[in-house]
Structures are given as C-alpha cells and as structure tokens.
Amino acid sequence: MSEERLYPPSPEFAAHAQVKSLAEYRDLCERSARNPTEFWGELAERELHWFHKWSSVLDWQAPDARWFVGGKTNASYNCLDRHLETARKNKVAILWEGEPGDQRMISYQELHRLVCRFANVLKSRGLKTGDRAVIYMPMLPELPIALLACARLGIIHSVVFGGFAAEALKTRIQDLDAQVVITADGGWRRGKEVKLKPVVDEALIDCPSVQNVIVLNRTGSEVAMESGRDHWWHELHEGVDEKCPAEMLDSEHPLFVLYTSGTTGKPKGIVHTTGGYMLQATMTMKWIFDLREEDTYWCTADVGWVTGHSYIVYGPLSAGATAVMYEGAPDFPQPDRFWRLIEKYRITILYTSPTAIRSFVRQGDQWPNGHDMSSLRLLGSVGEPINPAAWEWYYKVIGGSRCPIVDTWWQTETGAIMIAPMPGAIAAKPGSGTLPLPGVQAEIVDLKGNPVETGREGFLIIRNPWPSMFRTLWRDPQRYVENYWSRIPGVYMTGDAARQDNDGYFWVLGRVDDVMNVSGHRLSTMEIESALVRHPAVAEAAVVGKPHEITGQSVVCFVTLKKGNYDQQQLGDELRKWVAKEIGSFARPEQIRFTDALPKTRSGKIMRRLLREIVTSNHVAGDVTTLEDLSVLTSLAAQHDED
Ligand code: PRX
C-alpha cells in the first residue's frame with residue numbers, strides 16, 4: 001500500500017467544514033482524553049433530546065458499560081419529533097427511488113405521521129416495550145418506518161437482510177423469540193421479483209413465538225396468507241390514529257439486535273442500546289460526513305446491515321438530513337444507475353463500498369463520464385479495506401478530483417464510525433482510515449496487550465468504552481466476554497489486524513479470525529461449513545476466504561465426501577446452490593474443491609491456515625472438479641504443534 005501520496009482537504013472545503021483544521025481535531029481529541037465523561041456529556045446534552053437528564057454519563061465496569069445512566073430518551077423522537085419544531089418539518093427526510101423508477105419524497109412531517117400510524121398498528125396487535133420484531137423487507141421507505149415505529153414504542157427490532165434464506169431467518173427469529181415478523185410480498189432486483197413472503201412462511205414452520213406477520217404489498221404477486229396470523233400492512237392501517245407519543249425509554253433500553261457472523265456456526269446477536277448509540281451515530285454524521293442542512297446524502301448500503309441502520313436511518317434522520325434510498329441493483333437497467341441517481345437528485349454526499357467501486361472500475365469510465373456529477377462534494381467508503389488503485393479511481397472519476405474521501409473503519413459491534421478522516425481537518429492517504437475519532441483510543445498491540453512498533457502489524461484494539469459500543473450478545477453474555485474482552489482483559493479486541501505508520505495513520509489489513517469479508521459482508525467459515533455438512537453427501541468441510549479482485553475475498557470450500565459414486569461437477573454445482581439456499585445467495589461459494597482428507601491438528605482441529613495458504617498461493621493445483629490429495633499435508637500438519 002502506498003503511503004506516499006497525501007490528499008489534504010482543499011482550503012475551500014476546510015473553510016466550510018464542521019471541523020476545519022488538524023489543530024481543531026487535536027483539540028477535540030485532547031479534550032475527550034482529558035475528561036471523556038465531560039466531553040460526551042456536553043455533546044449528549046447539545047445533540048440529543050432527553051425527556052429526563054441522566055445522573056451520570058458513564059458507568060464502566062469492564063466489559064459492561066452504561067451510558068447516560070438514568071437518562072430518558074427515544075430514538076424515534078430524536079429522528080422525527082424534534083425536527084417538527086423547526087424549519088425542517090417540510091424538508092425531505094427520505095428521498096426514495098424504486099428499481100422500476102417509481103419515486104417517493106417523504107418530508108419529516110409526513111414521515112412522523114407514517115411512523116406514528118404504524119406504531120399504533122403495532123400496538124393494536126398487542127405489541128409492547130421489550131417485545132422483539134424481526135423485519136425482513138426490501139429497501140422501501142416502509143423499512144425505516146418499521147424501525148422507527150418499533151423504536152418509538154421500545155420494541156426491539158432485528159432486521160434480517162432480504163438476501164438471507166429461510167434457515168438463517170428462522171434461527172434469528174428463534175433466538176429472539178420474536179412476536180412479530182414485518183415483511184413484504186417481495187421487492188425488485190435486476191428487473192425480477194425477489195420473493196420474501198414464501199421465505200418467511202418456510203422459516204415460520206418452526207417458530208411458535210410469532211403471532212403476527214405484517215405483509216406490505218410491493219410487487220402485487222400472489223402470496224399465501226395464513227388466516228389469523230398474516231395481515232396486510234395497508235389493511236391494518238385502516239382507521240388508525242395519527243397520534244402516538246414516543247415512549248420515554250431508558251438510555252440503556254435495547255434499540256436493536258443485529259446478527260453478525262462470528263467464528264462459530266451460530267451468528268451473534270449484537271445488542272445496541274439507545275442513548276449512546278444515537279449520540280455517536282449523530283456526531284459522526286457531522287464530524288465525518290460533514291453534514292450541512294442543504295446536503296442530499298446517499299448511503300448505498302442495505303438497511304439489513306449495520307451501515308444501513310446507522311447511516312441510512314438513525315444517523316441521518318437524527319441529524320436532520322435528506323437521505324436517499326434506492327431499492328434495486330446498481331447495474332439496472334444499465335451500469336450507470338448510480339450516476340443517473342446522483343445527476344437526477346443532485347446528490348452531494350455518496351457513501352458506498354470498495355466492492356461496488358471495483359465493479360464500477362471494471363465496467364469502464366464511460367458510464368460515470370456520461371453524467372453530470374458536479375453536485376458531489378464528499379465521498380465515503382466502508383466495509384472492507386479499499387485498495388489505493390480503487391481509491392484513486394473513486395477520487396478522480398467520481399469525485400472529479402475535488403471531493404475528499406472518508407474511508408471509514410468500524411464494525412457492527414462498534415455501532416458507529418471509529419476511525420476515519422475528518423474531511424476538513426485530516427489529509428487522506430489512499431487505503432488508510434487515517435485517525436480515530438475523538439474519544440476513541442485505538443491501538444495496535446501484540447497478544448499481551450503491549451503496543452507494537454510503528455509500522456509493525458498487530459491486533460487492532462480499542463482501549464476505552466465509547467458511547468455506541470454494543471452492550472452484550474443477545475442471551476449470550478458469556479460469549480460477549482470471551483469473544484471480545486478476554487484475550488487482553490478489559491480491552492476490546494476488534495478481530496482485525498492493522499498497523500500504524502509514522503504519521504500515526506491506521507492501516508487495517510483484514511480479519512485475524514475465521515471470519516471472511518466478501519463484498520463487505522461478514523461471513524463465518526463455520527457457518528458455511530455447518531451448512532455443507534448438512535448435505536447428505538458431505539462428510540467434512542473446511543471453508544476459507546480467497547483474495548478476489550472485485551469482492552475482496554471469495555468463498556472456497558474444501559469438502560470430503562461420504563462413501564458413494566458422485567459426479568463431481570454436478571455435485572459441486574449442487575453444493576454451491578445448497579449453501580445459497582441454506583444461508584443466502586450472497587454466501588454462494590466460488591469454488592468447491594473435493595479432497596480425500598483435510599489437514600488437522602492432533603486434536604482434530606481443521607488447519608484453515610494451511611488451506612488459506614493453498615488458495616492464496618495456489619501451489620496445490622485444482623479446480624472445481626479435481627480431487628486434491630491433501631493427505632500429505634494432513635500428515636505434515638499432524639507433526640506440528642497445535643496452533
Ligand atoms: O474487517 C473490518 C472490515 O469489516 C469488519 C466489520 O464488518 P461488519 O461488522 O459487517 O461491518 C461492516 C460495516 C461497518 C471489520 O472488522 N471493515 C469495515 N470497514 C473497513 C474495514 N476494513 C478496512 N477498512 C474499512 N474502512
């Protein structure tokens with residue numbers, strides 16, 4: 001990675017920015033380090049609405065944090081009601097375009113009305129504070145509406161990305177004992193309907209806790225409705241009142257649970273609470289996206305991932321932004337759909353992923369060059385390391401060499417951006433997230449927790465609590481402690497490797513655990529392995545990530561088979577489809593490699609490290625159909641100490 005080129009903010013950009021200079025940034029850092037509770041306390045008071053003020057800013061008994069203890073607030077109130085007292089009431093809150101080209105522009109006032117009505121619908125179905133709602137929807141305005149309605153009442157929501165299959169949906173509903181599922185008949189992607197309701201029906205066969213399914217009519221295709229359980233969204237709205245006061249919730253009331261992949265087959269339910277999460281989501285809209293009243297801001301993520309939670313819904317709406325939402329694929333009907341949207345709505349801030357950027361590079365400059373994108377003033381990147389070549393392309397071709405790029409490092413667990421350049425203050429280096437936010441003590445250490453030398457690779461940790469940190473894992477507090485806080489006691493282990501350069505800039509290199517990052521989506525090797533061994537022909541499976549030009553990594557599976565005669569080509573195809581059906585199409589393996597044995601340690605642990613080396617260096621030849629002889633490796637591995 002080149003560290004040579006520095007991209008300082010232009011004087012014009014810096015002059016109008018929320019944070020205007022490196023000195024100003026350093027001052028914020030210093031204040032936050034000197035007295036973190038005073039720092040965050042002042043911001044919380046200024047930036048959020050509280051029904052009752054907290055008695056103390058932070059109660060930290062590592063690894064348990066409580067922020068704004070005793071404070072009463074509401075995320076939905078902060079995103080909606082408080083703006084109605086200001087000129088923002090008629091400002092567009094959500095500017096939505098469907099894949100077929102339909103549009104909706106919903107003002108803050110109108111959004112408030114829609115959220116209140118849906119909250120009353122939820123109440124009328126008997127739902128109340130503390131209940132759990134699973135939301136499985138396409139990218140429609142009703143998705144944020146559902147989130148905000150839940151938040152209004154203190155119903156804990158859990159969005160399941162629409163690409164997940166029935167099995168994955170089922171395990172999440174079961175883990176939460178959810179009372180309600182909110183879904184749609186389907187959505188549009190690349191001109192075809194992606195059906196959702198049949199997936200819900202399949203998932204619900206084994207979910208006795210669900211008493212209500214609310215179905216939005218989007219595509220109009222025929223769906224089965226189970227009498228008594230399933231209800232149409234629009235029918236439930238008939239005659240419903242528009243008034244629904246926001247509940248005064250404890251600052252630590254859980255706002256949502258979002259599942260993410262860990263190192264075992266079971267996904268982790270990341271629990272976020274209200275006050276601290278809202279504060280950091282709001283602050284990063286200002287510090288990192290430099291949000292101004294007149295901006296038209298577009299984050300291209302799906303609300304099914306944490307990026308969509310924090311930077312389509314809670315952050316932008318709390319900060320009073322106009323947030324663009326788009327339902328469909330970036331290349332439909334042609335590869336210039338994104339650029340069309342930017343030109344049409346005069347979008348000023350674009351936040352997307354390196355995978356998307358790399359696929360745009362491949363499609364060619366003619367697509368963006370055919371559009372007037374002079375409205376853009378700031379670009380963002382998230383989800384995976386961005387390679388300097390893709391960064392430079394983004395800067396020149398999309399940003400017209402005029403827009404700062406904020407490369408934002410964070411995680412589902414952190415809730416909000418942790419390391420990223422404040423665009424008016426910090427000079428960017430392509431490929432680096434640059435410096436941590438004020439109040440975030442990021443460091444690179446060895447396994448004993450000692451700082452490593454400048455330039456050396458080590459483990460990225462966060463030493464202190466931060467407001468938007470996750471509080472626990474749903475119904476698994478022990479795993480919370482073991483996974484994140486035990487390797488170095490009391491210190492948050494991110495699971496990423498990174499290094500710091502001479503300027504103190506952070507360079508995140510990737511995961512150090514058995515988690516892969518495919519197209520910026522976290523996938524667990526174990527989750528895919530568990531799916532594979534559920535197939536009747538599979539004896540054992542080991543899954544690793546392989547570097548991939550567009551998606552960052554791709555999924556490669558090593559599989560041993562039970563006795564029998566198989567057509568390997570056919571079985572390989574079948575297993576790829578099987579994984580897509582068990583988890584979701586975004587987890588579909590690129591390769592299935594058949595082998596007669598897997599390299600293991602003496603205690604029988606599969607040595608994925610060796611397999612990673614094989615797929616990376618490719619010194620063991622093989623494609624989908626060849627049977628690899630890993631027995632040599634197996635016996636070699638057996639002679640090594642366990643790792
Ligand atoms: O490995 C890091 C990578 O994505 C992981 C977090 O994934 P997830 O919880 O799904 O959240 C993604 C959206 C915030 C991290 O552990 N990652 C995320 N952003 C970056 C990144 N790696 C390098 N640079 C980034 N900007």
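Excluded from the calculations below are hydrogen atoms, water molecules and symmetry mates; all remaining heavy atoms, backbone and side chain alike, are included.
- Counting only distance, with no hydrogens or angles, the side chain of Q18 and the backbone of L291 share a donor-acceptor pair below 3.5 Å.
- Aromatic ring orientation, W50 versus W54: perpendicular (interplanar angle above 60°, classes split at 30° and 60°).
- Distance alone, capped at 3.5 Å, places no donor-acceptor pair between the Y314 side chain and the L148 backbone.
- In this structure a side-chain-to-backbone donor-acceptor pair under 3.5 Å is missing from Y77 to E247.
- Residues V57 and F68 are in side-chain contact: their nearest non-hydrogen atoms beyond the backbone lie under 4.5 Å apart.
- Distance check, rounded to the nearest 0.5 Å: CG of L122 to CD1 of I155 gives 4.5 Å.
- Classified by interplanar angle (parallel below 30°, tilted 30° to 60°, perpendicular above 60°), the ring pair H521/F161 is tilted.
- In this structure, I182 CD1 and I214 CD1 are separated by 5.0 Å, a value rounded to the nearest 0.5 Å.
- The aromatic rings of H272 and F256 are tilted relative to each other, their planes meeting at an angle between 30° and 60°.
- Defined by atom type and a distance below 3.5 Å, a donor-acceptor pair is present between the side-chain atoms of Y484 and K268.
- A salt bridge links R113 with E110: the distance from a Lys NZ or Arg NE/NH1/NH2 to an Asp or Glu carboxylate oxygen falls below 4.0 Å.
- Ring-plane geometry between W298 and Y326 is classed as perpendicular, the angle between the planes exceeding 60 degrees on a 0 to 90 degree scale with a lower cut at 30.
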Under the side chain to side chain donor-acceptor pair (under 3.5 Å) rule, what do S381 and Y351 come out as? Steps first, then yes or no, please. CA-CA 6 Å; S381 167; Y351 189 33; over 6 Å; no
The test is ring-ring contact (aromatic ring centres under 6.0 Å, His included); show your working for W466 and Y492 and say whether it passes. CA-CA 11 Å; W466 62 99; Y492 174 68; 5.3 Å; yes
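- Inspection of the S524 and S261 side chains reveals no N or O donor paired with an N or O acceptor under 3.5 Å.
- Side-chain atoms of D59 and W67 include no donor-acceptor pair closer than 3.5 Å.
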Residues T273, E252; criterion side chain to side chain donor-acceptor pair (under 3.5 Å); working and verdict: CA-CA 5 Å; T273 61; E252 282 298 324; 3.1 Å; yes
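- A salt bridge links D513 with R511: at least one charged nitrogen is closer than 4.0 Å to a carboxylate oxygen.
- For H157 and H309, the ring centers are positioned less than 6.0 Å apart.
- Salt-bridge annotation for E527 and K266: absent, with no side-chain N of the basic residue lying under 4.0 Å from a carboxylate O of the acidic one.
- H253 contributes a side-chain N or O that, together with a main-chain N or O of G154, makes up a donor-acceptor pair within less than 3.5 Å.
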Under the ring-ring contact (aromatic ring centres under 6.0 Å, His included) criterion, do W233 and F118 qualify, and how do the steps go? CA-CA 9 Å; W233 174 288; F118 189 58; 4.0 Å; yes
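- Formation of a donor-acceptor pair under 3.5 Å by the S468 side chain with backbone atoms of Y277 is not found in this model.
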Is there a side chain to side chain donor-acceptor pair (under 3.5 Å) between T274 and D250? Walk through the geometry before answering. CA-CA 8 Å; T274 307; D250 196 272; over 6 Å; no
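- Rounding to the nearest 0.5 angstrom, the gap separating the CG atom in D514 from the CE atom in M526 is 8.0 Å.
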Does Y311 form a ring-ring contact (aromatic ring centres under 6.0 Å, His included) with Y297? I'd like the steps, not just the answer. CA-CA 10 Å; Y311 296 109; Y297 157 93; 7.6 Å; no
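- Of the possible donor and acceptor atoms, none in the side chain of T412 sits under 3.5 Å from a partner among the backbone N and O of V306.
- For H49, the NE2 atom is densely surrounded, since the number of other residues' heavy atoms within 6.0 Å is greater than 12.
- A donor atom on one side chain and an acceptor atom on the other are found under 3.5 Å apart for Q109 and N90.
- A search for ring-ring contact (aromatic ring centres under 6.0 Å, His included) contacts involving F506 returns nothing, not counting sequence neighbours.
- Checked by atom type, the side-chain pair T348/D295 shows a donor-acceptor distance below 3.5 Å.
- Here the rule is side-chain hydrogen bond (donor to acceptor under 3.5 Å, both in side chains) with H83, and of H112, K91, R88 only R88 fits it.
- Across L236 and V121, no two heavy atoms sit closer than the pair O-CG2, 3.5 Å.
- Across all non-hydrogen atoms, the minimal contact from T494 to D496 is OG1-N, 3.0 Å.
- With rounding to the nearest 0.5 angstrom, the CZ atom of R463 is 7.5 Å from the CD atom of Q441.
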Please evaluate residues R66 and S56 with respect to the criterion side chain to side chain donor-acceptor pair (under 3.5 Å), reporting the C-alpha separation (whole Å), side-chain torsions for both, the decisive distance (0.1 Å), and the verdict. CA-CA 9 Å; R66 292 193 302 152; S56 69; over 6 Å; no
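- With rounding to the nearest 0.5 angstrom, the OG atom of S310 is 9.0 Å from the CD atom of Q280.
- Under the 3.5 Å distance criterion, the side-chain polar atoms of R132 are matched with a main-chain donor or acceptor of G130.
- Without hydrogens or angle criteria, S55 side chain to V69 main chain gives a donor-acceptor distance under 3.5 Å.
- R377 contributes no side-chain N or O that, together with a main-chain N or O of I349, makes up a donor-acceptor pair within less than 3.5 Å.
- Looking at R31 and D27, a side-chain N of the basic residue comes within less than 4.0 Å of a carboxylate O on the acidic one, giving a salt bridge.
- Checked by atom type, the side-chain pair T264/R479 shows a donor-acceptor distance below 3.5 Å.
- Between the side chain of D302 and the main chain of M139, no donor-acceptor pair closer than 3.5 Å is present.
- Looking at T129 and D131, their side chains never bring a donor and an acceptor atom within 3.5 Å of each other.
- Note on E42 versus R46: no salt bridge recorded, every NZ/NE/NH1/NH2 to OD/OE distance being 4.0 Å or above.
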